[in-house]
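Following this message is one structure expressed as structure tokens.
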Amino acid sequence: MTENMHDHAHPAGHDAHHPPCSHEEEHAHTHAGQEQCDENGHHGHHHGHVHEPASYGAAFLIGVTLNVAYIIAETIWGLMAHSLSLLSDAGHNLSDVLGLGAAWLAHSLAKRAPSIRFTYGLKRSTILSALSNAVLLLLVTGGIVWEALTRLMHPGEVAGRVVMLVALGGIVVNGGTALLFMKGGKDDLNMRGAFLHMAADALMSLAVVITGLLIMLTGWTVLDPIVSLVVCVSIIAGTWSLLRASLDMALDGVPERINPDQVATSLRALPGVTDLHHLHIWPLSTTDTALTVHLVSATPAENHDTLLREASTMLAQRFRIGHATFQIEAVGDAYPCGASSCGIGASC
């Protein structure tokens, strides 16, 4: 015997238009912070603890504005000083604006309400943004590596004091912008992509300043490409984890912060749950996670609502899984698992 509960978000006053909940339906859907059927068969509200991601609209606006102003300044000084290095760096910093713009767009799209065609909204755009930021950063870093290797074989004139002063400005602009996204980068891969992109450029600007001072003191121009290569290796090392995590998410892999075995163990520990199967966990965005699972329960049907509330609340509080869909099955009536569709679960 199976039982269903539909738990979806509705505006105030919508409950009056809902028909009574059917106890003959087959699937049970619960979402943290959304509505569910009460014990009388009506729609009530169940509040979990999965919060909406913080808004970084102001941070993106400040970051893009600062970087555009910096690019304009670099271009003007580069033309006045006839410095190809400054003009090249201005072009490089354009990738910062593109990266921030992509992350900002995804951040905005993720707030769009679901539609008939996009039933989960456009939250997955944040995953695509994080992936594109990682790829863009690796491509730009690869170009710097190529330039550094070229300078090792064919040493040239090292940037003068004007370039060093502009690089100091780069530390302030890029470093300050990176700080705007540092906190959000701990929990949101899209914000982490924006942070790494800006932090990498701040690190490169710092390397330019330090290298310039060392060359002024020692005269060793070979330090320029050597330091650039060292910085590039550190950037690649930091970006690789972003690329891997965002690619995993794009392929519906379980988010890194969630251990599927722990989720299965916690669900099995719920009162009345004897087993589970068809457990699937995947990211809806860089902050939202969805789950579906078949729970095998020996409890009477009238207690299934309580089990559903406990399961959805536990997932929201312990694992920050806010979109959970459950199917409850009686012992002995569990649907068999097919080899091609079986998820995580001992009974599969």
Side-chain angles (χ1 to χ4, degrees), residues 5-11 27-36 45-57 59-60 102-134 181 183-195 241-260 262-264 266-267 278-293 308-309 311-326 343-344:
M5 183 179 69
H6 294 278
D7 185 2
H8 300 284
H10 299 288
H27 296 282
H29 304 276
T30 67
H31 299 283
Q34 300 174 358
E35 80 170 31
Q36 66 181 39
H45 291 279
H46 171 66
H47 297 281
H49 296 276
V50 176
H51 303 285
E52 287 294 320
S55 176
Y56 284 87
F60 280 117
W104 191 2
L105 176 62
H107 184 67
S108 301
L109 290 177
K111 296 181 178 297
R112 293 277 186 91
S115 65
I116 295 177
R117 182 170 179 81
F118 298 97
T119 56
Y120 278 120
L122 299 175
K123 296 180 178 182
R124 184 169 285 268
S125 59
T126 58
I127 298 175
L128 300 179
S129 172
L131 180 59
S132 64
N133 239 324
F181 303 104
K183 182 179 179 180
K186 296 177 181 178
D187 300 315
D188 188 340
L189 205 63
N190 187 35
M191 298 299 107
R192 181 178 161 192
F195 167 75
S241 62
L242 172 66
L243 177 65
R244 186 189 62 197
S246 57
L247 186 59
D248 285 348
M249 280 191 165
L251 296 174
D252 284 341
V254 179
E256 289 183 332
R257 63 178 177 80
I258 296 177
N259 185 323
Q262 291 181 358
V263 173
S266 298
L267 286 171
H278 278 77
L279 172 60
H280 300 277
I281 307 169
W282 72 98
L284 296 175
S285 71
T286 52
T287 56
D288 295 330
T289 306
L291 173 148
T292 60
V293 65
L308 292 169
R309 283 193 293 270
S312 60
T313 300
M314 181 275 293
L315 291 173
Q317 293 179 344
R318 189 173 302 177
F319 301 100
R320 286 186 294 155
I321 297 176
H323 298 265
T325 302
F326 305 95
I344 303 170

Ser129 side chain to Ser125 main-chain N or O, any donor-acceptor pair under 3.5 Å?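 Between the backbone of Ser125 and the side chain of Ser129 there is no qualifying donor-acceptor contact (under 3.5 Å).
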Atom CG of Leu279 and atom CZ of Phe326: how far apart are they, to the nearest 0.5 Å? 10.0 Å
Working to the nearest 0.5 angstrom, can you tell me the gap between Leu189 CG and Glu256 CD? 7.5 Å
Going by the angle between their ring planes, with limits at 30° and 60°, are His323 and Tyr120 parallel, tilted or perpendicular? perpendicular
Strictly distance-based, threshold 3.5 Å: is any side-chain N or O of Thr119 a donor or acceptor partner for the main-chain N or O of Ile116?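 No: the side chain of Thr119 does not pair with the backbone of Ile116.
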Let me see the working for Asp188 and Thr287 under side chain to side chain donor-acceptor pair (under 3.5 Å), right down to the final yes or no. CA-CA 6 Å; Asp188 188 340; Thr287 56; 5.1 Å; no
Atom CG in Asn190, atom CD1 in Ile127: separation rounded to 0.5 Å?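 With rounding to 0.5 Å, CG (Asn190) is 10.0 Å from CD1 (Ile127).
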How close do Pro283 and Pro255 get, counting heavy atoms only, and between which atoms? CB-CG, 4.1 Å
Please determine which of Asp288, Thr286, Asp252 meets the side chain to side chain donor-acceptor pair (under 3.5 Å) test together with Arg124. Asp252
In Å, rounded to the nearest 0.5 Å, how long is the span from CZ of Phe319 to CZ of Arg257?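 Here the rounded value is 10.0 Å.
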Show, in sequence, the C-alpha distance, side-chain angles and deciding distance for Leu291 and Thr325, and conclude whether the side-chain contact (heavy atoms from CB on, under 4.5 Å) test is met. CA-CA 6 Å; Leu291 173 148; Thr325 302; over 6 Å; no
Gap separating the CD1 atom of Ile258 from the OG1 atom of Thr289, nearest 0.5 angstrom: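 Rounded to the nearest 0.5 Å, the CD1-OG1 separation comes to 4.0 Å.
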Measuring from Arg112:CZ to Lys123:NZ, what's the distance to the nearest 0.5 Å?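 NZ of Lys123 is found 14.0 Å from CZ of Arg112.
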Considering the options Val254, Val293, Ile281, which one meets the side chain to side chain contact (heavy atoms under 4.5 Å, CB included) requirement together with Val263?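 Result: among Val254, Val293, Ile281, Ile281 is the only option passing the side chain to side chain contact (heavy atoms under 4.5 Å, CB included) with Val263.
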Under 4.5 Å between any side-chain heavy atoms of Met191 and Lys183, yes or no? no
